[in-house]
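Here the structure comes first, spelled out in structure tokens, and everything after it is commentary.
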Amino acid sequence: MATVEKERLRTNLDKVLWKLEEARISVSEHHIVKLVGVGKYTDVENIATLYALGQRAFGENQVQQLESRMKELEDLPLEWHMIGSLQKNKINKLIELHPALMHSLDSIELATELNKKLLVKDRKMNSLLQINAAAEDSKSGFCTDQAFDMYQQISETCPQINLKGIMTIGAHTEDTKVVQKSFEDTRAVFERLEKSGATICSMV
Ligand SMILES: *Cc1c(COP(=O)(O)O)cnc(C)c1O
């Protein structure tokens, strides 16, 4: 059974990597793209299998699950990302876990609180500003016209947070034009922020 599952994962990973590579080349041969596998609802064994197939970066949307999986898989040199909304009472735990990147800085309040707690522990955290590109009620984050100013503000007032760029989850609709626009609008924000040192544009 295990080998069947491994072959299924290999096929899926190959498909994703081919699509990614096609898209990457269409932008530029020098364009750098990183795939972050989202663990979420999958069994922890599948993460280990994907690592064996060559996938190294993984994300979780809950601090508790991130913690348990980091522990269970601590012998593997994985790169862990926090992708979900961060509750204030989980900030200290996340600082202890020290993820490679936190994708979901979605309010000034969270940034202020995170910065304060990082300062106490004399730690830093690589983070992305979350953009709610289609201004959906179901999602948190900054709308595209606030994003630029908020990015500068957090950079200036939260020195423990290493802002590396922005993250957006594409609009949740069947209308592909709307989805595409949400990515394009995010991309436009990113291009302005590149002049302020942003290097990562995370999109799903
Ligand atoms: C689920 C998910 C999120 C959001 O996590 P929430 O817990 O809903 O905030 C973000 N990014 C990706 C890729 C996800 O799959």
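These values consider heavy atoms only, across backbone and side chains, with no hydrogens, waters or symmetry-generated copies. Sequence positions, counted from 1, serve as the residue numbers for this chain.
Side-chain contact between Gln153 and Ile108 is present, with at least one heavy-atom pair separated by less than 4.5 Å. In this structure, the side chains of Leu35 and Gln55 come closer than 4.5 Å at one or more pairs of heavy atoms. Between Ser127 and Asn162 there is no side-chain heavy-atom pair separated by less than 4.5 Å. The shortest side-chain heavy-atom distance between Ser138 and His172 does not fall under the 4.5 Å cut-off. With a 4.5 Å cut-off on side-chain heavy atoms, Leu128 and Leu105 do not count as touching. Using a 4.5 Å heavy-atom threshold, the side chains of Lys124 and Ile161 count as separate. Annotation: side chain of Arg10 is in contact with side chain of Asp14 (closest heavy-atom distance under 4.5 Å). Using a 4.5 Å heavy-atom threshold, the side chains of Leu94 and Met125 count as touching.
Under a hydrophobic clustering in which Ile, Leu, Val, Met, Phe, Trp and Tyr are joined whenever their side-chain heavy atoms come within less than 4.5 Å, directly or via other members, Val16 and Leu9 fall into the same cluster. When the side chains of ILVMFWY residues are joined at heavy-atom separations under 4.5 Å, either directly or via intervening members, Met150 and Leu193 end up in a single hydrophobic cluster. Note on Val63: it clusters hydrophobically with Val44, by side-chain heavy-atom contacts below 4.5 Å among ILVMFWY residues. Following chains of ILVMFWY side-chain contacts shorter than 4.5 Å, one cannot reach Val36 starting from Leu86, and the two form parts of different hydrophobic clusters. Ile131 and Ile169 are members of different hydrophobic clusters when ILVMFWY side chains are connected at heavy-atom separations under 4.5 Å.
The minimum heavy-atom distance linking Ser140 with Asp106 is given by the pair OG-OD2, 2.7 Å. When all heavy atoms of Gly170 and Phe183 are compared, the closest pair comes out as CA-CZ, 3.5 Å. Of all heavy-atom pairs spanning Ala198 and Gly165, the tightest one is CB-CA, 3.9 Å. In this structure, Phe142 and Leu129 approach most closely via the heavy-atom pair CE1-CD1, 3.3 Å. Closest approach of Ala111 and Cys158 over heavy atoms only: O-SG, 3.7 Å. Residues Ala171 and Val178 share a closest heavy-atom pair of CB-CG1, 4.0 Å.
Summarising the geometry, atom CZ belonging to Phe148 is positioned 4.5 Å from atom CZ belonging to Arg192; distances are rounded to the nearest 0.5 Å. Met82 CE to Leu97 CG: the interatomic distance, rounded to the nearest 0.5 Å, is 9.5 Å. Here the straight-line distance linking atom OG of Ser107 with atom NZ of Lys88 works out to 6.0 Å at 0.5 Å rounding. Atom CG of Asn61 sits about 7.5 Å away from atom OG of Ser85, to the nearest 0.5 Å. Taken to the nearest 0.5 Å, the CD atom of Gln87 stands 9.0 Å off from the CD atom of Gln64. In this structure, CE in Met70 is found 11.5 Å from CD1 in Ile47, a value given to the nearest 0.5 Å.
In this structure, Glu74 does not pair ionically with Lys71, as no charged nitrogen and carboxylate oxygen lie closer than 4.0 Å. In this structure, Lys93 pairs ionically with Glu67, as a charged nitrogen and a carboxylate oxygen lie closer than 4.0 Å. For the pair Glu72 and Arg69, the salt-bridge criterion is not met [side-chain N within less than 4.0 Å of a carboxylate O]. A salt bridge links Lys181 with Asp185; the closest basic N to acidic carboxylate O contact falls under 4.0 Å.
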Going through the distances and angles, do Tyr51 and Leu78 end up as a side-chain contact (heavy atoms from CB on, under 4.5 Å)? CA-CA 8 Å; Tyr51 170 74; Leu78 300 177; 3.4 Å; yes
Which is it for Leu110 and Ile91 under the side-chain contact (heavy atoms from CB on, under 4.5 Å) test, yes or no, and what are the steps along the way? CA-CA 9 Å; Leu110 179 64; Ile91 291 177; 3.9 Å; yes
I would like to know whether Trp80 and Leu66 meet side-chain contact (heavy atoms from CB on, under 4.5 Å); could you show each step before the answer? CA-CA 8 Å; Trp80 289 102; Leu66 182 66; 3.7 Å; yes
Please step through side-chain contact (heavy atoms from CB on, under 4.5 Å) for the pair Asp145 and Val189, ending with a clear verdict. CA-CA 8 Å; Asp145 48 357; Val189 172; over 6 Å; no
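Using a distance-only test at 3.5 Å, with no hydrogens or angles considered, a donor-acceptor pair links the side chain of Ser28 to the main chain of His30. Under the 3.5 Å distance criterion, the side-chain polar atoms of Thr144 are left unmatched by any main-chain donor or acceptor of Thr186. Remark: side-chain polar atoms of Glu60 are paired, donor with acceptor, to backbone N or O of Lys40 under 3.5 angstrom. In this structure, Gln130 contributes its side chain and Gly84 its backbone to no donor-acceptor pair below 3.5 Å. Judged by distance alone, with hydrogens and angles left aside, the side-chain atoms of Asn115 form a donor-acceptor pair with the main-chain N or O of Gln160 at under 3.5 Å. Looking at Arg24, its side chain never comes within 3.5 Å of a backbone N or O of Val33 through a donor-acceptor pair. Judged by distance alone, the side chain of Ser68 and the main-chain N or O of Gln65 form a donor-acceptor pair under 3.5 Å. In this structure, Tyr151 contributes its side chain and Ile166 its backbone to no donor-acceptor pair below 3.5 Å. Side-chain atoms of Asp175 come within 3.5 Å of backbone atoms of Lys177 as a donor-acceptor pair (strictly under, hydrogens ignored). Of the possible donor and acceptor atoms, one in the side chain of Asn126 sits under 3.5 Å from a partner among the backbone N and O of Ala100.
Enclosure of atom CZ in Arg187 by more than 12 non-hydrogen atoms of other residues, nucleotides or ligands within 6.0 angstrom is indicated. In this structure, Lys139 places its NZ atom where more than 12 heavy-atom neighbours from other residues, nucleotides or ligands lie under 6.0 Å away. For Ile25, the CD1 atom sits in a packed shell: over 12 heavy atoms of surrounding residues, nucleotides or ligands are nearer than 6.0 Å. Environment of CG in Asp122: sparse, with no more than 12 heavy atoms of neighbouring residues, nucleotides or ligands closer than 6.0 Å. Residue Lys34 qualifies as open at atom NZ: its count of foreign heavy atoms under 6.0 Å is 12 or below.
Side-chain atoms of Gln180 and Glu184 form a donor-acceptor pair, as typed in the model, at a separation below 3.5 Å. A donor-acceptor contact under 3.5 angstrom links the side chains of Glu79 and His81, judged on distance only. A donor and an acceptor atom, one from each side chain of Glu5 and Thr49, are nowhere located under 3.5 Å apart.
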